[in-house]
Visitor: 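First the structure, which I've put down as structure tokens, then a few questions once you've had a look.
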Amino acid sequence: MTSGIGKSRVLSDFEDLLPVMAEKLGGEGLIKELCSGFELLMDKDKGLITLESLRSNAAVLGLQNMREDELVSMVREGDLDGDGALNQMEFCVLMFRLSPDLMEESWLWLEDVLQDELNNTKRS
């Protein structure tokens, strides 16, 4: 299923940038940057990214050219618990999902960790 969010030029640019950020910052640094992005976009009173907070704060992250339907799609696509807003975890998961290259790298990192764990278990 392809959503409108996947077709957005702005988000397409983001898809290309996220793996570069991950490479330069490392996993922990990337998570810190995503958390900072979440805090910039969230409704300060609710502690969530709502459609309204996304609409009013999108320009901070260079997303001012996103159409209303793209903003709605972004919230819907990331809203895993169905509350109509994004918590920090949902936001981070969405950002990873929007970057297929980063997802591929994440699976490779996971495979490496699991293989190391398996090797350590065999040695014990």
Side-chain angles (χ1 to χ4, degrees):
M1 179 171 136
T2 304
S3 68
I5 198 169
K7 295 179 182 178
S8 167
R9 180 186 55 77
V10 173
L11 290 175
S12 176
D13 293 345
F14 176 80
E15 290 174 16
D16 298 337
L17 183 60
L18 199 58
V20 173
M21 289 173 60
E23 187 175 320
K24 296 222 182 272
L25 300 173
E28 197 170 312
L30 177 62
I31 295 300
K32 285 182 184 178
E33 285 299 312
L34 288 174
C35 290
S36 295
F38 173 81
E39 289 177 15
L40 288 171
L41 293 172
M42 76 176 185
D43 177 305
K44 305 303 182 231
D45 295 329
K46 296 179 181 177
L48 300 168
I49 296 175
T50 63
L51 180 57
E52 295 76 27
S53 71
L54 184 58
R55 189 183 298 123
S56 63
N57 297 322
V60 174
L61 295 181
L63 303 175
Q64 66 274 6
N65 295 328
M66 287 185 71
R67 299 184 322 259
E68 181 72 12
D69 64 321
E70 292 174 318
L71 296 173
V72 170
S73 291
M74 183 175 182
V75 172
R76 275 193 195 136
E77 189 166 331
D79 183 14
L80 301 175
D81 62 9
D83 66 355
L86 303 178
N87 62 36
Q88 192 172 46
M89 182 59 70
E90 289 171 327
F91 175 75
C92 290
V93 168
L94 176 63
M95 294 300 103
F96 273 81
R97 285 178 44 216
L98 290 175
S99 180
D101 290 342
L102 192 58
M103 283 299 291
E104 181 67 28
E105 286 181 39
S106 297
W107 281 112
L108 294 174
W109 295 335
L110 178 60
E111 287 176 4
D112 287 345
V113 168
L114 292 174
Q115 187 60 48
D116 288 346
E117 187 65 29
L118 181 63
N119 291 340
N120 289 336
T121 303
K122 286 181 180 179
R123 287 186 206 139
S124 299

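Just so you know, residue 1 is the first one in the sequence shown, and it goes up from there. FYI, side chains are in, hydrogens and waters are out, and symmetry mates aren't considered; it's all heavy atoms of this structure.
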Visitor: For the atom pair CZ (Phe91) and CG (Leu80), what is the distance rounded to the nearest 0.5 Å?
Guide: 13.0 Å
Visitor: Is any side-chain heavy atom of Asn57 closer than 4.5 Å to one of Leu40?
Guide: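 Answer no - side chains too far apart.
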Visitor: Nearest 0.5 Å please: distance from the CZ atom of Arg76 over to the CG atom of Leu94.
Guide: 14.0 Å
Visitor: Distance from Asp81 atom CG to Met89 atom CE, nearest 0.5 Å?
Guide: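 Atom-to-atom, Asp81:CG and Met89:CE are 12.0 Å apart.
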Visitor: Give a yes or no on whether Leu86 and Met42 share a hydrophobic cluster (residues Ile, Leu, Val, Met, Phe, Trp, Tyr; joining criterion: side-chain heavy atoms under 4.5 Å apart).
Guide: yes
Visitor: Could you report the tightest heavy-atom contact between Asp43 and Asp45, atom names first, then the distance?
Guide: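 Taking every non-hydrogen atom into account, OD1-N, 2.8 Å.
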Visitor: Quick check: does any side chain N or O of Thr50 sit under 3.5 Å from a backbone N or O of Ala85, one acting as donor and the other as acceptor?
Guide: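 Between the backbone of Ala85 and the side chain of Thr50 there is no qualifying donor-acceptor contact (under 3.5 Å).
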Visitor: Name the one of Glu90, Met95, Gln88 that satisfies side chain to side chain contact (heavy atoms under 4.5 Å, CB included) with Phe38?
Guide: Gln88
Visitor: Measuring from atom CD of Glu70 to atom CG of Asn65, what distance do you get when rounded to the nearest 0.5 angstrom?
Guide: 9.5 Å
Visitor: Indicate yes or no: at least one non-hydrogen side-chain atom of Asp83 is less than 4.5 angstrom from one of Leu48.
Guide: yes
Visitor: Which distance, rounded to the nearest 0.5 Å, do you find between the NZ of Lys46 and the OG of Ser53?
Guide: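 Nearest 0.5 Å value for the NZ-OG distance: 8.5 Å.
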Visitor: Roughly how far apart are Ile49 CD1 and Leu41 CG, rounded to 0.5 Å?
Guide: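 One gets 4.5 Å once the value is rounded to the nearest 0.5 Å.
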Visitor: Would you indicate whether the side-chain heavy atoms of Met66 and Arg55 approach each other to under 4.5 Å?
Guide: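 When only atoms from C-beta onward are counted, Met66 and Arg55 do not touch, as no gap falls below 4.5 Å.
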